[in-house]
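Notes for the one structure printed next.
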Amino acid sequence: MSAAEVNLLFHQRIADHSFSADGQLLAVTRDSRVQLYKRSGKTLALSDELTGHDKTITAVDIAPNSGKIVTCSQDRNAYVWELSPTGEWKPTLVLLRINRAATSVRWSPDETKFAVGSGARVISVCYFESENDWWVSKHLKKPIRSTILSVAWHPNSVLLAAGSADAHARVFSAFIKGVDQRPAPTAWGERLPFNTVCGEFQNRSGGWVHDVAFSPSGNALGFVAHDSSVTVVYPSAPEQPPKAVITVTTAGLPFTSLLWSREDQIIAAGHDCHPMVFEGSEDGWQWARNIDDPKKAALGEEKETSALNMFRQMDLRGKTTSSEDSSLKTIHQNTITKIRAYEGQPGAITKFSTSGVDGRVVIFSV
Amino acid sequence: MAQVNWRLIDVDALDPDNAFPADLLTPQSPPVSLSEIQGIAQHCRQALQRGDQEGALKDALSYPPYGGDEQVKELHLQTVLEILSSIKQAEMSPILQRLHSGPEGSETVDVLMKYLYKGMARHNAGSTPGVSTHATGVSTVSGQGGREYGVAPSRGDGGGMSVLLSWHEKVVDLAGTGAIVRVMTDRRTV
């Protein structure tokens, strides 16, 4: 396992980050701007800045093929940014028609649509209407009862999963007539008009759902909730109860984000500041190992942080030891906000990137 | 026009779609009747008298009355606290470990954590008159051998609290901060 690549970009919270498909371009949110970093050698250098939003940006996503960037913000707007031939990023405003902050945005895998979750208890599914030369949105409303915290697309670009503060993870159909081809039937559903609810899941304790993700095949749904758990749902057939709902609780703090690295492997990260790997199948899931384990780091460096030691140092030397005392033993020094695939194909991710409240973007090997 | 602080108008109240009953959030639990929980309490007390504290604890924690009313929950809290205070300090960790490694182990320990917090909350409120009056109908039973630590929690002295705190310490050692987070998150209250 090679060492992690650490990029300390600035000392502000990164709510979301996204790499281009080739890993050469990185977009990170910073207040009401999005900063673009280009890879130059071993480091990332600031190359451009997308300004236009007037409140904190909550999410950013780079479409892997077209390279278009979509951003959404607490100012209730979303912009699609396209690179003009002159090398400038041109924004196009998207009418979301929401009256609360937008919280998350993701391109569909075919890149014809994107979904924006919001505090207005709706998900705006946006698509380009070429007659009007304009991005328009359709609302997924029922039965959302609270803020949408995350959205994730099924590989078929029609089904959409959303995690919500009302403690439910839901699967919707975001089928847009005229844009989408009729999808092949899946275990989630066969006929899928817009706003069909294909599944509504809750874990046992009812923690609000931070993040959702479909497995690479799309035949399972994973979500992380605020009760420090990872839940995986295997649907059986349309309108039937799921085959299996497996919840793994952990001893640590809650996760905020998850990534399916393989069909049988999930990486989750959050308030514990380091990623954890879970492995399993329909028959059961379990914690497998830590990445960037703080306990192992502690063994190597033998740092002493107890109050007793601090006072002992003060007694012996008249001062406390270096500033090392307050730093965490993990690479990230604060909550990890998002975890994303960096290298490898869906279903065989070899490297992933994480962004944190500490302003770092770190690339780990699985 | 009169000054209206429009920022304070609750616009959501005017939205008919906004009805948001709390029970939507809560996973459904079957109702638990008073007689049922009294039966469990009786069963646990018999186990205690046999000296089988571990079995009593396990049984009590296996049937948290999520769907019960206040009286049912209060009665079950009494039962759990009684068992907890009858277990000696040295036995806490081994018992916990066995509970945790059993089937549904982490769930059982989470339930225990809920009772620890509820016990501590109740303990604080216990000094105010009229709060601890629910404790009727529970006879204080002294388990054999448990008496040196067995301070009846309803009496509101410092002893009961220290029992809860040492349990808390042991549970965190075993189940980590996750157990605390789950107590705060969980909609199924005990």
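Numbered from 1 within each chain, the chains take letters A, B, ... in sequence-line order.
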Heavy-atom count around B:Glu104 CD within 6.0 Å, excluding the residue itself: above 12? no
Taking atom OH of B:Tyr63 as the centre, report whether more than 12 heavy atoms of other residues, nucleotides or ligands fall under 6.0 Å from it. no
Are the side chain of B:Arg188 and the backbone N or O of A:Arg204 linked by a donor-acceptor pair below 3.5 Å? yes
Side chain from CB out, backbone as N, CA, C, O: work out which of these in A:Asn99 comes under 4.5 Å of a heavy atom of chain B, or both, or neither. neither
In this structure, are over 12 heavy atoms from other groups packed under 6.0 Å from B:Lys58 atom NZ? no
For A:His226, is there any backbone N or O sitting under 3.5 Å from a side-chain donor or acceptor partner on B:Thr185? yes
Of the non-hydrogen atoms in A:Ser228 and B:Gly178, which two are nearest, and what is the gap between them? OG-CA, 3.9 Å
Backbone N or O of A:Thr250 within a donor-acceptor pair of the B:Arg182 side chain at under 3.5 Å? yes
Could you go step by step and tell me if B:Asp186 and A:Asp227 meet the side chain to side chain contact (heavy atoms under 4.5 Å, CB included) rule? CA-CA 7 Å; B:Asp186 209 325; A:Asp227 59 349; over 6 Å; no
Heavy-atom contact with chain A under 4.5 Å, split by part of B:Thr177: both
